[in-house]
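First the structure, in the form of structure tokens, and then the observations on it.
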Amino acid sequence: MSGIIFSEGSGLNNGLIGKRLAPIKAIINSNVEAFQQKSLIDKIYYMDTSKNWAENYTIETALGNFQDVGEGGATPQSEMQEGFDKTIAPRVWKNKFVVTKEMMDDMKIGKIKSKANQFTTSYGRGREAYAARMLSGATQAKVTFAGKTYDATCADGKPLFSVEHPSKTQGAKFKQSNMFKAEFSQSILDQLQEKMQDFCDDDGNLLNVAPDTIIIPNSAKLKRAVFAAVGSELDPESNKNAMNFQLGLWNILIWPYMDKKIGGEDYVILADSKFLQNYMCLPFIDRVPLTVTRYTDQNTDDEVFKGYARYGLGFNNWRGLCICGNGISSGTPLTA
């Protein structure tokens, strides 16, 4: 369900106008629900709700391994430690549309429906573009979207994609990278998969990360390369009929709202979908659902539909993703 809240401005008691405008509510509800069904936000982000001004997310280290203590040996104590934390505050988003008095008088139903359609498209497209731009721009500490600047650092203070993610327990002595420089190929995919499988917690313990998702922008050349790498039974880069072990391992998400290129080149993002959710890596917080208020403009007699919502996102744990592209000049280099 869309969860939209509808309200009427004070002094609105004209039943005839209410009946004429009733279909607008149905259009807004239907269109928002349709946009949500097609959305990729909940396939990548950890969807959360809040009743607070902001929410805090924390990373914890893993428990140490079980130890061989011999017969009758005492049980060693191994504790998790609190790691880096991140506070995320939802933002305020607004827009409106107007149904003129003349449209009402002439019962221009088509125009009225068109305005409602444009309104819901604006809401859904805005959420999608915001989430996609933040993800694809997170090789930097700040991301600009629609003239506003947003924080793209994760809990450790580094950009979501970085070559020097520090450890809370070991500091700069133990750094890890989830940002790589290379042109996509099956060989590079193999290496990226290995890099993610080797991700460790702050104490150096393997986390059993298992990437299963490839996220790409809407690029014809890149789509062809990715689907060839993961969809062919045989190795697409060899004529020796070697088996392609990547077949059937991946879910491909094509997100048209992401940046087409980085540094003028194609790029891919790999993700472990379960890790992203279990460790609340990328929280997307809905504080107030879309709230639509109708009132009559006393100066023009037009009917105004005003939309208000509060939501926001941020980056907590980087270990569920990596990014790779030949235009990412500061990434860790890989060789096919």
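These numbers come from the heavy atoms of this one structure, side chains and all, not from hydrogens, waters or symmetry mates. For reference, positions follow the sequence shown, starting with 1. Owing to the predicted nature of the structure, the values given are computational and were not obtained by experimental measurement.
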Ignoring hydrogens and geometry beyond distance, is a side-chain donor-acceptor pair present between [X] and [Y] at under 3.5 Å?
{"X": "N56", "Y": "T87", "answer": "yes"}
{"X": "Y57", "Y": "D48", "answer": "yes"}
{"X": "D85", "Y": "T58", "answer": "no"}
{"X": "D302", "Y": "T100", "answer": "no"}
{"X": "T169", "Y": "S167", "answer": "yes"}
{"X": "T296", "Y": "E303", "answer": "yes"}

Using the rule given for side-chain hydrogen bond (donor to acceptor under 3.5 Å, both in side chains), can you reason through T49 versus D286, listing the C-alpha separation, both sets of side-chain angles and the distance that settles it, and then say yes or no? CA-CA 5 Å; T49 57; D286 275 306; over 6 Å; no
Would you call [X] and [Y] a side-chain contact if the rule is heavy atoms closer than 4.5 Å?
{"X": "T144", "Y": "K148", "result": "no"}
{"X": "M179", "Y": "S330", "result": "yes"}
{"X": "F315", "Y": "Y45", "result": "yes"}
{"X": "V230", "Y": "I252", "result": "yes"}
{"X": "I44", "Y": "W255", "result": "yes"}
{"X": "C281", "Y": "N316", "result": "no"}
{"X": "N31", "Y": "T121", "result": "no"}
{"X": "I88", "Y": "F284", "result": "no"}

Kindly write out the residues that satisfy side chain to side chain contact (heavy atoms under 4.5 Å, CB included) with [X], not counting sequence neighbours, or none if the list is empty.
{"X": "A141", "answer": "T153, P159"}
{"X": "S39", "answer": "I41, E128"}
{"X": "T213", "answer": "I215, N251, L253, A271, S273"}
{"X": "N208", "answer": "none"}

Under the salt bridge (charged side-chain N to carboxylate O under 4.0 Å, His left out) test, residues paired with D266 that sit two or more places apart: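 With sequence neighbours excluded, D266 shows a salt bridge (charged side-chain N to carboxylate O under 4.0 Å, His left out) to K261, given in chain and number order.
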Taken in chain and number order and not counting sequence neighbours, the residues that satisfy salt bridge (charged side-chain N to carboxylate O under 4.0 Å, His left out) with D151 are K86
Can you list the residues that meet the ring-ring contact (aromatic ring centres under 6.0 Å, His included) rule with [X], with sequence neighbours excluded?
{"X": "F199", "value": "W318"}
{"X": "F180", "value": "none"}
{"X": "F275", "value": "Y279"}
{"X": "F119", "value": "F97"}

Checklist entry - Is the NZ or CZ atom of R125 positioned over Y257's six-membered ring, under 6.0 angstrom from the centre and within 45° of the axis? => result no
task = Determine, for F35 and K38, whether the Lys NZ or Arg CZ falls below 6.0 Å from the six-membered ring centre while staying within 45 degrees of the axis.
result = yes
Margin query: Please list all pairs meeting salt bridge (charged side-chain N to carboxylate O under 4.0 Å, His left out) that have one or both residues in residues 49-58, counting only residues at least two apart or in different chains.
Written below: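 Output for this query is empty, none listed.
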Excluding Y308, membership of its hydrophobic cluster (Ile, Leu, Val, Met, Phe, Trp, Tyr; side-chain heavy atoms within less than 4.5 Å) reads V92, V288
**Asked** Linking I/L/V/M/F/W/Y whenever any side-chain heavy atoms sit under 4.5 Å apart, do L276 and I216 land together?
**Response** yes
- Query: For Y130 and W93, what are the C-alpha separation, side-chain angles and deciding distance, and is it a ring-ring contact (aromatic ring centres under 6.0 Å, His included)?
  - Reply: CA-CA 11 Å; Y130 167 56; W93 307 81; 4.9 Å; yes
I'd like to know if D156 pairs up with K168 as an ion pair, taking the criterion as any Lys NZ or Arg NE/NH1/NH2 lying under 4.0 Å from an Asp or Glu carboxylate oxygen.
no
